[in-house]
Amino acid sequence: MKIAVCIKRVPDMDVRFKIAAIGNAVDEVGLKFDMNDFDSWAVEAALQIKDKDPATEVVVVSLGTDAVQETIRKALAMGADRGVELKSAQIPFDGFVIAKAIAAELKDGGFDLILFGKQSADSSNGVVGAMVGELLGMPVVTGISKLDIAGHTGSAKREIEGGQEFVEFPLPAVLTIDQGLNIARYPALKGIMAAKKKPLDVKPVQLGEPSVTVIQMELPAERAPGRIIGEGAAAVPELVGLLQTEAKVL
Amino acid sequence: MANVFAFAETRNGELRKIGLEAVTAARAVAGATGGQVDAFIAGAPGVVSLSSQLAKYGADTVIVAEHAGFDKYNPEAIAAIVADRVRAGGYRVAIFPTSALGSDLAPRVAAKLGVGLVTDVTAITLQDGAVIVKHPVNIGKVLATVKLAATPALVAIRANMFTPVDKPHAGTVERAEPIGDPAASRVVVKEVKMGGGTKLDLGEAPVIVSGGRGLKGPENFHLIEELAAAFGNAAVGATRVVTDEGWRPHSDQIGQTGRLVSPQLYVAVGISGAIQHLAGMRTSKTIVAINKDKEAPIFKIADYGIVGDLFEIVPALIAAVKEAKARG
Ligand SMILES: Cc1cc2nc3c(=O)[nH]c(=O)nc-3n(C[C@H](O)[C@H](O)[C@H](O)COP(=O)(O)OP(=O)(O)OC[C@H]3O[C@@H](n4cnc5c(N)ncnc54)[C@H](O)[C@@H]3O)c2cc1C
Ligand SMILES: Nc1ncnc2c1ncn2[C@@H]1O[C@H](COP(=O)(O)O)[C@@H](O)[C@H]1O
């Protein structure tokens with residue numbers, strides 16, 4: 001098997017963001033960056049296949065500045081075989097621009113599976129995986145939380161509103177990974193050492209013109225500060241009163 | 001004049017609320033410019049009967065794709081018809097739902113048309129001919145204003161942001177034939193399992209009652225269900241701890257890696273308020289929190305907090321809500 005996993009470097013979300021002076025981006029000073037969570041589950045999914053069939057090759061691909069090498073090394077430390085940096089001046093917001101660059105890279109790679117995260121935490125768009133699948137003319141299944149591969153067919157579970165869909169598809173295929181599929185392994189010290197020697201190709205890419213651009217960013221209106229109305233069951237009548245008269249939801 | 005396409009999602013022969021919301025959003029965009037709204041529905045034979053509902057919310061034309069193979073979601077066949085209709089229709093904007101189905105469909109259509117797409121959109125405007133949308137980024141901690149330059153501009157709206165409004169239009173039915181054989185699709189939905197009866201969907205429910213680890217085990221979730229039942233129009237949600245433990249199905253999880261919801265009322269019971277949970281519910285109109293730890297972060301965003309033991313408070317609240325409802 002040959003598997004590609006597309007991973008994005010995103011800021012750690014556990015912070016108070018500031019808007020940069022240019023007004024349409026967040027200020028990156030002081031932010032920590034890591035692999036997008038969904039993408040770490042995609043890497044894990046590939047590695048679990050490799051665990052069963054060691055002949056499997058797992059290639060991780062990340063588009064961005066040289067800073068993405070750190071993200072790629074993390075995936076290599078987890079156990080991926082080699083990395084590809086699609087080197088660009090920045091990571092555009094337009095997922096279609098990213099998808100075209102990734103599709104061009106993977107087109108002739110002979111991959112049986114191409115894995116993506118369901119969505120990236122920063123752009124919160126959830127579009128790149130399915131777009132790459134369409135561009136490559138491959139079957140696509142999005143948002144999977146269970147996966148079985150038997151020979152040249154796969155079956156997967158997708159969470160839908162209030163239930164689940166069970167889907168079958170032929171390989172090669174593009175899949176986007178939801179949470180629940182697995183828990184990502186941590187790179188072990190041995191893996192971290194080994195990762196330093198694994199191949200990481202740097203390939204400059206020329207990105208297309210974006211058709212969607214961020215023109216402004218702002219911090220959403222803060223909620224009014226929380227209010228504790230009382231303690232224990234004694235506070236229930238007041239709560240119900242407030243829900244009726246103030247919030248008008250009852 | 002801006003003509004707008006709206007994908008009106010159906011399931012099991014019924015319109016989903018977000019389907020009406022897509023038509024409402026389309027009507028608002030088209031209306032400002034004297035444009036026309038074409039709503040699209042796909043489903044098993046008989047789904048055409050939903051056209052009148054779409055007309056009521058503002059569809060001038062209802063494009064209907066009926067086929068026995070559309071009783072379940074058929075991603076490849078539906079994407080092919082939709083891309084074809086959107087390409088041929090010369091629309092300024094095409095609106096999709098951000099839902100399990102819409103989030104699968106819209107990027108396929110975007111790639112077929114060779115344009116970008118913005119999902120989880122909370123507002124759409126036309127300014128000097130440019131399509132400008134609001135789209136939360138960084139797990140909702142930052143709000144982006146995004147410009148879509150291509151025609152058509154593809155957007156997928158977030159649920160509960162465009163309240164369906166009655167705006168009757170003709171709703172003339174037009175048929176769309178499948179492109180190729182729907183049975184030849186490579187990706188096939190074999191089975192759909194729905195969790196438990198007529199339960200309201202989290203994305204559509206006006207009230208959500210959610211339980212966290214404070215419930216201590218699945219055997220106590222009847223408290224959450226009874227409180228939801230007392231409100232009458234409520235769905236049950238949960239934190240990741242709860243779904244990971246298997247106390248509730250994964251589809252109930254609210255948060256960064258689960259569902260994003262913004263109901264009128266969100267009741268958080270035994271939930272600490274971790275940022276990943278808040279990311280999924282902080283835009284709720286009114287938030288109630290019940291937690292025994294007065295330092296729990298959930299109280300920082302709760303409009304009404306009660307400190308104390310949920311096992312004492314929730315039964316009292318169930319009784320009080322029932323009584324308030326009974327009094328009307
Ligand atoms: C990458 C990543 C993604 C994540 N995504 C999500 C997500 O999408 N959604 C999500 O919810 N979480 C998510 N999490 C997990 C999140 O960080 C928290 O661990 C989780 O939300 C905590 O769930 P909880 O509030 O139920 O449990 P806890 O944090 O353990 O809180 C339980 C609360 O119950 C209270 N309590 C206990 N007993 C009682 C009682 N008798 N009466 C009243 N109160 C009581 C306690 O005071 C406590 O505040 C994610 C984490 C990571 C790392
Ligand atoms: N710059 C990137 N490099 C590599 N993969 C990416 C990049 N951006 C997005 N992806 C992949 O596409 C998925 C969906 O991203 P998005 O459409 O931005 O939400 C991510 O989870 C990644 O798997």
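Given the structure is predicted, the values throughout are model-derived calculations rather than measurements. Just so we're on the same page: letters track the sequence lines, and every chain starts at 1.
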Portion of B/K292 that has a non-hydrogen atom of chain A nearer than 4.5 angstrom: neither

A/Q244 portion near chain B, given a 4.5 angstrom heavy-atom threshold: side chain

Region of B/D104 that comes under 4.5 Å of a non-hydrogen atom in chain A: both

B/P206, part contacting chain A, at a heavy-atom distance under 4.5 Å: neither

Between A/S62 and A/K8: side-chain donor-acceptor atoms closer than 3.5 Å: no

Salt-bridge contact B/R259-B/D252 (side-chain N to carboxylate O under 4.0 Å): no

Pair A/H152 and A/F169, ring centroids less than 6.0 Å apart: no

Any B/H277 side-chain heavy atom under 4.5 Å of B/I254 side chain: yes

Residue B/I275 versus chain A: region with a heavy atom under 4.5 Å: side chain

Proximity breakdown for B/S103 and chain A, heavy-atom pairs closer than 4.5 Å: backbone

Among A/I229, A/L242, A/L243, side-chain contact (heavy atoms from CB on, under 4.5 Å) partner for B/V288: A/L243

Engaged part of A/I183 at the chain B interface, taking heavy atoms whose separation is under 4.5 Å: neither

Residue B/K190 versus chain A: region with a heavy atom under 4.5 Å: both

Under 4.5 Å from any heavy atom of chain A - which part of B/Q253: side chain

Per-residue contact mode, A/E246 against chain B (heavy atom under 4.5 angstrom): both

Portion of B/Q264 that has a non-hydrogen atom of chain A nearer than 4.5 angstrom: both

Spacing of CE belonging to A/M13 relative to CG belonging to A/L31, to within rounding of 0.5 Å: 8.5 Å

Heavy-atom pairs under 4.5 Å with chain A, option from B/S99, B/A110, B/A106, B/A279 with the top count: B/S99

Option that, when pairs with chain A are counted at under 4.5 Å, heavy atom only, ranks first among B/V187, B/T286, B/L154: B/V187

Chain A contact via B/A324 - side chain, backbone, both or neither, heavy atoms under 4.5 Å: both

Inter-residue atom distance A/D178.CG - A/S145.OG, 0.5 Å rounding: 6.0 Å

Side chain / backbone / both / neither for A/T213 at chain B, heavy atoms under 4.5 Å: both

Region of B/K72 in contact with chain A, defined by heavy-atom distances below 4.5 Å: neither

Region of A/F166 that comes under 4.5 Å of a non-hydrogen atom in chain B: both

Which portion of B/I287 sits near chain A, non-hydrogen atoms under 4.5 angstrom: both

Chain A contact via B/T98 - side chain, backbone, both or neither, heavy atoms under 4.5 Å: neither

Part of A/A99 lying under 4.5 Å from any heavy atom of chain B: neither

Toward chain B, the part of A/D122 with a non-hydrogen atom under 4.5 Å: both

Toward chain B, the part of A/L250 with a non-hydrogen atom under 4.5 Å: side chain

